[in-house]
Protein chains: 2
Amino acid sequence: MAKGRRAGMGIDALDGRLITLLDREPRIGVLEASRRLGVARGTVQARLDRLQAQGVIRGFGPQVDPAALGYPVTAFATLEIKQGLGADVRAHLASVPEVLELHTTTGEGDMLCRLVARSNGDLQRVIDKVVGFEGIVRAATAIVMENPVPLRIIPLVEQAARDV
Amino acid sequence: MAKGRRAGMGIDALDGRLITLLDREPRIGVLEASRRLGVARGTVQARLDRLQAQGVIRGFGPQVDPAALGYPVTAFATLEIKQGLGADVRAHLASVPEVLELHTTTGEGDMLCRLVARSNGDLQRVIDKVVGFEGIVRAATAIVMENPVPLRIIPLVEQAARDV
DNA sequence: ACCTGCGCTGTGCAGACTGTCCAGCGAAAA
DNA sequence: TTTTCGCTGGACAGTCTGCACAGCGCAGGT
């Protein structure tokens with residue numbers, strides 16, 4: 001029998017299959033997973049523990065759909081920040097619930113954030129709330145129309161498992 | 001005793017507390033959750049069933065960290081697409097594992113996608129793979145430096161629960 | 001004012017799963 | 001060769017899940 005794992009970090013084929021399986025059917029639990037994967041229960045348990053300890057799997061929190069919460073509109077805003085006010089802007093944006101995500105990016109101290117709103121009209125309110133803050137020089141908003149590839153990780157997991 | 005829910009959709013305060021609790025401690029299960037929330041187990045079970053049926057909670061899949069998989073670099077690419085080739089481009093991007101997410105946005109048939117790579121150097125390879133495709137006229141890439149607000153949903157859930 | 005529908009409570013039960021431990025085995029590393 | 005490490009297969013007690021049922025109180029409709 002091949003020995004799967006070696007030293008260091010990264011994931012092997014079994015890890016990849018386990019993650020993929022859990023992604024497809026999160027409810028199945030360790031025992032059922034071990035049956036599906038054809039390995040002993042203890043193995044699955046050990047793999048899961050290790051994957052979580054390594055930070056590969058952060059957790060199993062509920063995946064909430066903003067649309068079902070009443071926020072069907074998504075937009076991305078590129079922000080230009082006045083020099084030296086980055087920290088204030090970050091704090092401000094973090095306080096806005098409709099800001100789901102914020103990144104600082106290369107460019108000139110710019111930021112990119114993901115917003116949601118109850119409607120296109122409501123988006124105006126959100127944008128006003130976001131950009132109505134000293135330190136934001138300019139904002140460019142792109143409204144999402146379609147989402148051909150929803151946030152995913154499985155293809156990358158499979159590639160990482162292949163690359164051993 | 002107040003009657004929590006009414007008709008229609010949306011979430012009430014108990015739903016909000018439940019989601020928040022599960023987000024913080026996903027492993028606790030229905031029974032423990034009912035204890036923490038101070039309600040009957042059947043209530044938590046019913047709420048969870050309903051939230052999933054409504055699509056508010058999509059599932060409890062593993063949250064995988066690309067960085068821990070060996071892809072610590074994140075970037076956003078804005079793509080300009082040649083008229084009429086949108087479908088081909090979507091299919092192409094969907095086939096690239098490093099493309100974690102793809103949106104079509106307002107503008108001129110533009111797209112925005114999230115990429116990851118093994119390093120800044122590797123990012124070049126990924127970008128070449130992404131834009132080396134007939135139909136993509138131009139691409140502007142922004143590399144993520146910091147992520148002051150990681151993808152989150154709890155603040156929005158709490159607001160949605162408050163607005164009843 | 002009365003009735004109905006609905007959600008929450010508290011309880012019970014059988015079945016299944018979890019956490020944990022252990023001994024043995026085979027392969028890679030020292 | 002010897003040691004180390006991961007996987008196997010099995011076992012046990014404790015716990016949780018899925019499901020069901022009767023009672024109760026509130027909101028909305030008759």
Side-chain angles (χ1 to χ4, degrees), chain A residues 1-63 68-69 157 160-164, chain B residues 1-62 68 157 160-164:
Chain A
M1 272 124 210
K3 176 96 170 321
R5 312 216 76 260
R6 250 150 290 249
M9 55 151 284
I11 64 173
D12 68 4
L14 182 56
D15 289 325
R17 289 202 296 142
L18 176 57
I19 293 175
T20 302
L21 178 60
L22 288 177
D23 188 75
R24 254 198 290 277
E25 305 171 63
R27 310 226 109 208
I28 60 174
V30 176
L31 183 56
E32 179 62 20
S34 72
R35 286 195 278 250
R36 304 276 188 95
L37 297 175
V39 298
R41 180 167 68 106
T43 303
V44 172
Q45 241 150 2
R47 294 298 186 115
L48 266 183
D49 288 346
R50 185 175 45 72
L51 286 171
Q52 298 201 59
Q54 284 181 189
V56 175
I57 296 181
R58 277 192 197 150
F60 292 85
Q63 296 160 337
L69 276 182
V157 167
R162 227 173 291 124
D163 296 351
V164 182
Chain B
M1 269 123 212
K3 172 105 173 310
R5 313 215 74 262
R6 255 148 284 250
M9 56 151 284
I11 65 173
D12 68 4
L14 182 56
D15 289 325
R17 289 203 297 143
L18 176 58
I19 293 174
T20 301
L21 177 61
L22 289 177
D23 189 75
R24 255 198 289 276
E25 304 171 66
R27 312 225 109 209
I28 60 175
V30 175
L31 183 56
E32 179 62 18
S34 71
R35 287 196 277 251
R36 305 275 189 96
L37 297 174
V39 299
R41 179 169 66 108
T43 303
V44 172
Q45 239 150 4
R47 294 298 185 115
L48 267 183
D49 288 346
R50 184 174 46 71
L51 286 171
Q52 297 203 59
Q54 285 180 189
V56 174
I57 296 181
R58 276 191 197 151
F60 293 85
V157 167
R162 225 173 293 122
D163 297 352
V164 182

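Naming convention: chains lettered A, B, ... in sequence-line order (proteins, then strands); numbering from 1 in each chain.
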Check your understanding: D:dT15 P sits how many Å from B:Glu32 CD, rounded?
Key -> 12 Å

Review point. Does a nitrogen or oxygen in the side chain of A:Thr43 sit under 4.0 Å from OP1 or OP2 of D:dT8?
Key: yes

Review point. Considering only heavy atoms and no angle criterion, is a donor-acceptor pair shorter than 3.5 Å present between the side chain of A:Arg41 and the base of D:dG10?
Key: no

Review point. Between B:Glu32 and B:Arg27, does at least one N-O distance fall below 4.0 Å, as a salt bridge requires?
Key: no

Review point. Think B:Arg50 has a side-chain N or O under 4.0 angstrom from the OP1 or OP2 of C:dC8?
Key: no

Check your understanding: Can you tell me how far P of D:dT17 sits from CD of B:Gln45, to the nearest Å?
Key -> 7 Å

Point to revise | Length of the CZ-P vector between A:Arg36 and C:dC17, whole Å | key: 11 Å

Revision key, fill the gap. Atom CD of B:Glu25 and atom P of D:dC16 are separated, to the nearest Å, by 14 Å

Exercise for review: Nearest-nucleotide wise, let me know which of B:Gly42 and B:Arg27 is further upstream toward the 5' end of DNA chain C.
Suggested key: B:Gly42

Revision key, fill the gap. Rounded to whole Å, CG of B:Leu48 lies from C1' of D:dC19 at a distance of 16 Å

Review point. Does some side-chain heavy atom of A:Leu22 sit less than 4.5 Å from a side-chain heavy atom of A:Leu48?
Key: yes

Check your understanding: Does B:Ile28 or A:Gly38 map to a spot on DNA chain D nearer the 5' end, using the closest nucleotide for each?
Key -> A:Gly38

Point to revise | Under-4.0 Å salt bridge between A:Arg47 and A:Asp12 | key: yes

Review point. What's the closest nucleotide to the A:Arg47 side chain, out of C:dG19, C:dG12, D:dC7?
Key: D:dC7

Review point. Does CZ in B:Arg24 sit with more than 12 non-hydrogen atoms of other residues, nucleotides or ligands closer than 6.0 Å?
Key: no

**Study point:** Euclidean distance, A:Leu31 CG relative to A:Gln45 CD, rounded to 0.5 Å
**Key:** 9.0 Å

**Study point:** Separation of atom CZ in A:Arg35 from atom C1' in D:dG10, rounded to whole Å
**Key:** 15 Å

Exercise for review: Return the value, rounded to whole Å, for the distance between atom CG of B:Leu31 and atom C1' of D:dG18.
Suggested key: 13 Å

Check your understanding: CG of B:Asp49 versus C1' of D:dG18: gap in Å, rounded?
Key -> 10 Å

